[in-house]
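The block underneath contains the structure these notes are about, expressed in structure tokens.
As the structure is a computational prediction, the values presented were derived from the model and not from experiment. Labels below follow one simple rule: chain letters A, B, ... track the order of the sequence lines, proteins then strands, and each chain is numbered from 1. Note: hydrogens, waters and symmetry copies are ignored here, and every other heavy atom, side chains too, is used.
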Amino acid sequence: MFDTIITMFSYEFFRRAVIGGSLIALCAALLGVSLVLKRYSMIGDGLSHVGFGALAIAAAVNAAAPLEIAIPIVIAAAFFLLRISENSKIKGDSAIAIISTASLAVGITVATMTTGMNTDINSYLFGSIIAMSQKDIIICIILSIIVIIMYIFFYNKIFAVTFDESFAKATGTKANIYNMIIAFLTALTVTVGMKMMGSLLISSLIIFPAITSMRICKRFKTVVICSAVIAVLCSVSGLILSYLYNSPTGASIVITNVCLLIIFSIVGNISDKINAHKFSK
Amino acid sequence: MALIKCENVSFSYENTSVIKNLNFEVNQGDYLCIVGENGSGKSTLIKGILGLKSAADGKITRGDGLKKNETGYLPQQTPAQKDFPASVYEVVLSGRLNSRGLKPFYSKTDKQSAIDNIKRLNIEHLAKRSYRDLSGGQQQRVLLARALCASKKILLLDEPVTGLDPIVTDDMYQLIEELNKKENITIIMVSHDIKSSVKYASHILHLNGDKTFFGTTDDYIKSPVGKYFFAEDIQHV
């Protein structure tokens, strides 16, 4: 057992995957708390599909630097999706579904017509443990530093805007700016993390940790901290599973998240019942 | 000078004008109830007073050194809020955000103000509880404490008793009256309930198209529009 772990970490690709995976999961979880509570979870999902389309087109145009082309496209899409969700006249959920399936379709069409459905495209769809290059790791580290600093700096404002946007606006907080910051950081996280998690599964990193920690935690601060811990824990254990059983990386991480959600839900239910019992006495 | 003054204000909503040439003013210590049917423009007017929506015509002025971010606001609750994982203290403290500007963290004064307002509304025993575990009436008290953190001068309440049972509704009205009488906090309340409005408010603004009424409560009861709606309301009870 101990030997296996040592061998595992002796591989350069695995160390990269663990560092990159944990950082991406951490960023996604922090942003996810706000997105889930604001009922914006589908934006993360929509963005990952837009990201796939953008990457496929970018790869066809300029194979050397697909990320540099994809990131601005996804950021633009994030602002657009945010506007749709804020505008009550258009039904936000169906608009997001249209955009995400359309980008997926365009992406796959472009990809098959130019390079064929090769391993690259496959790993963008389903994720790959060996996808992280040295450059990707550096991007991950820079990204997570930006996300964590901004999150800490704007923590109180993010709380206020998440809890009650109309109050925040009425008392002079520029809520739209903070919504845009969250959308911007989400777009970055999704695009960078897609290589490892796959575009079909990246939104799970945004949604699962927040939902899981909300089963038990009762304060916003503990929800945020708990989500971050859960995210890192799940992605590391998912990666280990993926290595040991040769299972797809993204899927393994999602499965560990599902298991934790089930455990937290059961514990949450039991403690709620105990509390209810206490109050009834 | 008036705290808030509306002169010939008009608002339109999706290209139809809902409020035309509205004139009224609110002075320190007033208790104004805004009543009217659905679609008469109550919510639009509230947004206008808060500065979230600009008037199509006319102007809304603030006097007595009342700054834009000094309005305590109690909005209607959103479904997303009802199961929000946050402690009561966290929610109340967030009312201090407007005094922070760009500074990222709360000071000792902010924290003390949150604790003071929690005590003021008798919800100390709930301070560490989770907002989502509270009853509707308790949640409204928490949001009222937050609004008080944002302003000591004026509170804007948007249908604060919606969804509360009769006993809790009475509690809420008494609490608001106390804040108005004892602490001289100006109250502007949007309400569906004409009977309670007449009972508690000092001034009434009845939005009713061309037959809009603004004046003291005593005048309102005697006015044709007041007589019509108030008498009707009594008959129902």
Side-chain angles (χ1 to χ4, degrees), chain A residues 33-41 85 87-89 149-178 209-227 264 268 271-272 275-276 278-279, chain B residues 14 43 46-53 67-81 83-107 110 127-135 142-143 146-147 149-151 155-156 158:
Chain A
V33 173
S34 268
L35 291 173
V36 167
L37 284 169
K38 285 173 81 71
R39 305 290 192 264
Y40 283 174
S41 341
S85 304
N87 188 344
S88 53
K89 266 172 127 185
I149 288 177
M150 287 192 116
Y151 206 86
I152 293 173
F153 198 77
F154 292 127
Y155 171 80
N156 289 318
K157 295 191 172 76
I158 289 174
F159 171 80
V161 171
T162 308
F163 180 71
D164 193 341
E165 209 172 300
S166 39
F167 178 84
K169 275 185 185 162
T171 50
T173 303
K174 296 198 172 44
N176 290 340
I177 290 180
Y178 299 101
I211 294 284
T212 304
S213 49
M214 270 178 239
R215 295 306 103 199
I216 291 185
C217 303
K218 303 213 176 275
R219 287 166 54 205
F220 190 73
K221 200 175 263 175
T222 49
V223 170
V224 169
I225 294 168
C226 186
S227 302
F264 269 58
S271 76
D272 277 354
N275 275 336
K278 256 190 216 161
F279 279 110
Chain B
E14 287 171 11
S43 303
I46 283 279
K47 281 189 186 137
I49 296 173
L50 287 169
L52 299 178
K53 195 173 175 14
K67 288 183 206 131
K68 186 189 165 204
N69 61 3
E70 260 187 337
T71 326
Y73 178 39
L74 183 76
Q76 292 187 38
Q77 285 209 51
T78 61
Q81 258 169 31
D83 57 352
F84 199 96
S87 70
V88 166
Y89 175 70
E90 281 179 312
V91 173
V92 176
L93 187 60
S94 74
R96 295 289 298 175
L97 197 66
N98 60 345
S99 61
R100 301 305 302 150
L102 279 175
K103 281 172 246 159
F105 307 112
Y106 293 116
S107 67
D110 294 325
K128 285 190 179 141
R129 292 270 300 277
S130 183
Y131 180 80
R132 64 177 173 197
D133 296 338
L134 306 181
S135 68
V142 173
L143 296 187
R146 178 185 65 169
C149 272
S151 172
L155 288 181
L156 247 104
D158 196 352

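Rounded to the nearest 0.5 angstrom, A:Asn275 CG and B:Arg129 CZ are separated by 8.5 Å. Once rounded to the nearest 0.5 Å, the distance linking NZ of A:Lys218 with NZ of B:Lys128 reads 15.5 Å. Distance check: A:Phe167 CZ to B:Arg146 CZ gives 4.5 Å after rounding to the nearest 0.5 Å. For the atom pair CE (A:Met214) and CG (B:Asp83), the distance works out to 8.5 Å, reported to the nearest 0.5 Å.
In this structure, the side chains of B:Leu97 and A:Thr171 stay at 4.5 Å or more apart for every pair of heavy atoms. Here the side chains of A:Thr162 and B:Phe84 are in contact, with some heavy-atom distance below 4.5 Å.
With a threshold of 4.5 angstrom between heavy atoms, B:Val88 does not approach chain A through any atom at all. The parts of A:Ser166 that come within reach of chain B are both its backbone and its side chain, each placing non-hydrogen atoms under 4.5 angstrom from that chain. Using a 4.5 Å cut-off between heavy atoms, A:Lys38 does not touch chain B at all. Residue B:Leu93: no heavy atom, backbone or side chain, is found under 4.5 Å from chain A. Heavy-atom distances place both the backbone and the side chain of A:Phe163 under 4.5 Å from chain B. Using a 4.5 Å cut-off between heavy atoms, A:Asp164 touches chain B through backbone and side chain atoms alike. Only the side chain of B:Tyr131 comes within contact range of chain A, with at least one heavy atom under 4.5 Å from a heavy atom of that chain.
Checked by atom type and distance alone, the side chain of B:Asn98 never pairs as donor or acceptor with a backbone atom of A:Thr173 at under 3.5 Å. The main-chain N or O of A:Lys221 is found under 3.5 Å from a side-chain atom of B:Glu90 such that the two form a donor-acceptor pair.
A 6.0 Å sphere centred on NZ of B:Lys47 holds no more than 12 heavy atoms belonging to other residues, nucleotides or ligands.
Scanning all heavy atoms of the two residues, the minimum distance from B:Pro85 to A:Cys217 falls at CB-O, 4.0 Å. Between B:Leu52 and A:Ala170, the shortest heavy-atom distance links the atoms CD2-N, 4.0 Å.
Of the listed residues (B:Leu156, B:Asp133, B:Val91), the one with the most heavy-atom contacts under 4.5 Å to chain A is B:Val91.
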